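One structure below.
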Amino acid sequence: TCAIELCGLAAPSMQTSQDRTRFLSGRVERIREAALKHAPTFIVMYGQGNRKEWERIAGGKFDANGICRMGKTIAATAPHPVTRGLGNEYWVTLGKSLRSIVKTSSED
């Protein structure tokens with residue numbers, strides 16, 4: 001398991017005034033390179049406001065379910081974990097969906 005922030009600048013919240021784009025391009029490329037090198041089974045990218053960056057990392061567009069194949073890796077987008085009203089059931093369903101996709105992929 002690896003958790004990587006898209007913006008590497010420390011801040012207590014998104015409202016903190018900082019240049020959040022200063023290192024963005026380099027971080028996107030670094031995350032993409034690491035994902036391609038290590039080929040994890042899946043990647044979950046949190047936060048819907050960064051979809052453009054998530055697509056650059058994945059190297060393609062996400063489908064209506066927020067899924068994109070990245071070689072052997074399955075990339076998924078998800079709301080940020082602290083999104084209001086997002087309960088445990090959402091994460092259980094997402095996990096089952098990802099396991100199902102992985103299982104189907106391994107059977108091909």
Side-chain angles (χ1 to χ4, degrees):
T1 302
C2 178
I4 303 171
E5 287 287 335
L6 191 56
C7 177
L9 299 173
S13 74
M14 290 298 288
Q15 285 72 39
T16 300
S17 177
Q18 286 192 17
D19 181 3
R20 295 191 156 292
T21 61
R22 181 183 300 169
F23 304 107
L24 187 60
S25 182
R27 287 186 69 79
V28 165
E29 290 307 313
R30 177 66 181 104
I31 293 167
R32 177 171 169 69
E33 288 170 5
L36 291 171
K37 177 181 177 182
H38 298 287
T41 303
F42 60 86
I43 297 172
V44 178
M45 302 178 196
Y46 301 116
Q48 300 302 321
N50 296 100
R51 193 168 189 101
K52 182 173 74 170
E53 287 78 23
W54 300 152
E55 289 176 345
R56 285 178 46 210
I57 290 168
K61 300 280 185 188
F62 288 88
D63 66 17
N65 296 316
I67 303 293
C68 179
R69 293 194 180 269
M70 187 178 175
K72 293 182 178 183
T73 300
I74 297 161
T77 62
H80 195 281
V82 298
T83 301
R84 291 179 196 246
L86 197 63
N88 288 342
E89 187 57 33
Y90 172 83
W91 300 106
V92 170
T93 301
L94 178 61
K96 287 178 180 178
S97 175
L98 290 172
R99 278 193 297 267
S100 174
I101 294 167
V102 169
K103 182 179 178 189
T104 302
S105 296
S106 67
E107 292 173 354
D108 292 340

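The shown structure was predicted, so the numbers you read here are calculated from the model rather than taken from an experiment. Just so you know, these numbers use all the heavy atoms, side chains as well, and skip hydrogens, waters and symmetry mates.
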With sequence neighbours excluded, tell me which residues meet salt bridge (charged side-chain N to carboxylate O under 4.0 Å, His left out) with E55. R51, K61
I31 vs E53, side chain to side chain contact (heavy atoms under 4.5 Å, CB included): CA-CA, chis, key distance, verdict: CA-CA 10 Å; I31 293 167; E53 287 78 23; over 6 Å; no
Those residues that, when tested against D63, pass side chain to side chain contact (heavy atoms under 4.5 Å, CB included) (two or more places apart): N65, I67
Donor-acceptor contact below 3.5 Å, side chain T83 vs main chain P79: no
When rounded to the nearest 0.5 Å, the distance separating NZ of K52 from CZ of R56 is 7.0 Å
Closest non-hydrogen atom pair between M70 and I57, with its separation: CE-O, 3.0 Å
My understanding is that only residues two or more places apart in sequence, or in another chain, count here; which of them pass side chain to side chain contact (heavy atoms under 4.5 Å, CB included) with V44? F42, Y46, A78, L94, L98
Qualifying residues under side chain to side chain contact (heavy atoms under 4.5 Å, CB included), relative to K96, sequence neighbours excluded: V92, R99
Sequence neighbours left out, what pairs pass ring-ring contact (aromatic ring centres under 6.0 Å, His included) with at least one residue falling in residues 51-89? none
With sequence neighbours left out, write down each residue that passes side chain to side chain donor-acceptor pair (under 3.5 Å) with S100, or none if nothing qualifies. none
Apply side chain to side chain donor-acceptor pair (under 3.5 Å) to residues S25 and E29 and explain how you reach the verdict. CA-CA 6 Å; S25 182; E29 290 307 313; 5.6 Å; no
So which atom in A35 and which in P40 form the shortest heavy-atom distance, rounded to 0.1 Å? O-CD, 3.4 Å
Do I43 and M45 have side chains that approach each other closer than 4.5 Å (heavy atoms only, starting at C-beta)? yes
